[in-house]
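The structure under discussion appears below in the form of structure tokens.
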Amino acid sequence: MRLSRYFLPTLKDTPREAEVVSHRLMLRAGMIQQASAGIYSWLPLGFRVMKKIEQIVREEQDAAGWNEMLMPTIQPADLWRESGRYDDYGKEMLRITDRHDRDMLYGPTNEELITDIVRTHVRSYRNLPGRLYHIQWKFRDEVRPRFGVMRGREFLMKDAYSIDLDFDTARAAYNRQFVAYLKTFDRMGLKAIPMAADSGPIGGDMSHEFIILADTGESEVFCDRDFLDFDVGGSVPDYEDTGAVEGVVDYFTKLYARTDEKHDEATFEAEVPDIRRYRGRGIEVGHIFYFGTKYSEPLGARVTGPDGKEAVVHMGSYGIGVSRLVAGIIEASHDDAGIIWPESVAPFKIGLVNLKVGDADCDRVTEDLYAKFLQAGIEVLMDDSAERPGAKLAGMDLIGLPWQVVVGPRGVANGVVEVKNRKSGEREEMAAEAALAKLAA
RNA sequence: CGGGGUGUAGCGCAGCCUGGUAGCGCAUCUGCUUUGGGAGCAGAGGGCCGGCGGUUCGAAUCCGUCCACCCCGACCA
């Protein structure tokens, strides 16, 4: 992509309303624009990142055996009356009336809809287990939206649902999602710690929040320091091996890690040695839980079992805040100059900077590299603007692409370009061909 | 939902107390000079001073009211 043809309105100053670093950087890097409190337009750069995150989530859900689908944003109120949540949900739910004066709502979540689908089409245990997910916009009319897209009213969320005949298979589904989450966040370069969370009226130990540690986080968290440098790496087993999957879950849940609502100081001190006790704040990026028959019972989602008797299905739901992750990743990965994207979610892999547009040699070398990167299938953003060198370099640091290839008259005269790693700050001069070989690999 | 605060050019702000021709920096446009870390000089464009009502000869400024947004707390993916 040529910067001259790319809509990237970066700012030197920080808009006043932005308090936390991810919000500031997203505004400065031209990723989002606020439309209203907690509601944002996603500009091209921000949209690209969100799509990358969404795709990783999608791939891992598919790998874990879930089927992607899409449910609507606008839902009929009647379904929510059936589950009893229409009155319970309160003002957080955005209620709408259509032209026929029917009560509708902009969905804050999708349990009712999925349960409706299940009760319509799933009549026999032979149709189970059900493994469905979608990635869709939700709306919760938060009293006080804040921190940019971190706590918006409108947000993009992946929510998956499991439908099973009994508790054991439901637990297996839960475990698979648990492992899929470990892998998903790991691919984004995040350390997301699974923490025991409040499971609501169902009880039990089948509810975990995945938390990335950050001072700006909204949840107070307590965990064993051993979690701070755990490595998911090789611990993802074959999903079909139920025992191995359970083993991974056991491994990651045996150490103490709880959010404040489940935290128990006495247990914490008893189980975790003094020096390993970590107290801090975190951002919730995922939440999985088993809720049994909470919705299937009132909505009448039943199947005929192998014994010929009807049974109410067991369900679980598994959420990931996709739009929130964009901000979460920035909170976890930035410096004074700007964002530092992990390569897996970076909007472009390379920022190719022509320091002196109009200089025949610089133009030639830059254009040649640009064409070759494209040919190699590399995502590259070429700064072909007439800005000054300082402005270009500062702009590149701000938007945080993993690699910068800088073509300037000084280097070109010596037959070299500069390759800079955004994260380490390391710069290396090499021939253009060498840069191509290094980065197109 | 309680408490606090802010609305003036695209962005950041001054002016308001003490009413009298709407300003500064950045950005934008033109020209020249510059070209390896957010350039310099010269010029130009850009405003219903959040909305409505009031006081006054006269309101960005004083009064009332509504709206929007932000911050702190309580609540949430």
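Naming: A, B, ... by sequence-line order, numbering from 1 per chain.
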Ion pair Glu379(A)/Lys52(A), N-O distance below 4.0 Å: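 A salt bridge is present here (some side-chain N lies under 4.0 Å from a carboxylate O).
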
Between [N] and [M], how many Å separate the two [atom1] atoms, rounded to a whole number?
| N | M | atom1 | result |
| --- | --- | --- | --- |
| G10(B) | G2(B) | P | 34 Å |
| A14(B) | G5(B) | P | 16 Å |
| G38(B) | A42(B) | C1' | 22 Å |
| C72(B) | C32(B) | P | 50 Å |
| G37(B) | G19(B) | C1' | 48 Å |
| G15(B) | C70(B) | C1' | 22 Å |
| G50(B) | U61(B) | C1' | 16 Å |
| G7(B) | C17(B) | P | 14 Å |

Who pairs with [N] - Watson-Crick or G-U, where each distance is under 3.5 Å:
| N | value |
| --- | --- |
| U61(B) | none |
| U56(B) | none |
| G19(B) | none |
| U28(B) | A44(B) |
| U34(B) | none |
| A68(B) | U6(B) |

Can you check the [X] [atom1] to [N] [atom2] distance for me, whole Å?
| X | N | atom1 | atom2 | value |
| --- | --- | --- | --- | --- |
| Glu142(A) | C75(B) | CD | P | 13 Å |
| Lys12(A) | G10(B) | NZ | C1' | 14 Å |
| Gln33(A) | C69(B) | CD | C1' | 14 Å |
| His23(A) | C69(B) | NE2 | C1' | 11 Å |
| Leu25(A) | G38(B) | CG | P | 18 Å |
| Lys356(A) | G37(B) | NZ | C1' | 17 Å |
| Arg146(A) | G4(B) | CZ | P | 18 Å |
| Gln34(A) | C69(B) | CD | C1' | 7 Å |

Could a donor-acceptor pair under 3.5 angstrom be found where the side chain of Arg151(A) meets the base of C75(B)?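 In this structure, the two groups form a donor-acceptor pair.
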
May I ask you to verify whether the side chain of Arg427(A) and the base of G37(B) hold a donor-acceptor pair under 3.5 Å?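 Pair found.
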
Side chain of [X] - closest among [options]:
| X | options | answer |
| --- | --- | --- |
| Arg388(A) | C26(B), C69(B), U35(B) | U35(B) |
| Glu218(A) | C76(B), C1(B), G36(B) | C76(B) |
| Pro409(A) | G36(B), C69(B), G37(B) | G36(B) |
| Asp13(A) | G25(B), G38(B), A74(B) | G25(B) |

Nearest-nucleotide comparison on RNA chain B, the residue closer to the 5′ end among Glu92(A) and Glu418(A): Glu418(A)

First of Phe155(A) and Ala35(A) reached from the 5' end of RNA chain B, by closest nucleotide: Ala35(A)

Donor-acceptor side-chain pairing of His287(A) and Ser317(A) below 3.5 angstrom: no

Please confirm whether the ring centroid of Tyr174(A) lies under 6.0 Å from the ring centroid of Phe289(A).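 Here the rings of Phe289(A) and Tyr174(A) have centres that are no less than 6.0 Å from each other.
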
Compute the centroid of each ring, for Phe227(A) and then for Phe230(A), and state whether the two points are separated by less than 6.0 Å.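 Aromatic pair counts; centres sit under 6.0 Å.
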
So what does [X] hit on the nucleic acid, given a heavy-atom distance under 4.0 Å: a base, only sugar-phosphate, or nothing?
| X | value |
| --- | --- |
| Gly411(A) | base |
| Lys91(A) | sugar-phosphate |
| Gly152(A) | base |
| Lys420(A) | base |
| Gly408(A) | base |
| Ser36(A) | sugar-phosphate |
| Leu398(A) | base |
| Thr14(A) | sugar-phosphate |

Tell me the closest heavy-atom pair linking Tyr290(A) and His314(A), and the distance in Å. OH-ND1, 2.5 Å

Considering non-hydrogen atoms only, spot the tightest contact between Met1(A) and Arg5(A) and give its length. SD-O, 4.2 Å

Does Asp215(A) have more than 12 heavy atoms from other residues, nucleotides or ligands lying within 6.0 Å of its CG?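 12 or below, so no.
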
Salt bridge (Lys or Arg N to Asp or Glu O under 4.0 Å) between Lys372(A) and Asp368(A), intermediate numbers included: CA-CA 6 Å; Lys372(A) 285 175 176 160; Asp368(A) 187 54; 3.0 Å; yes

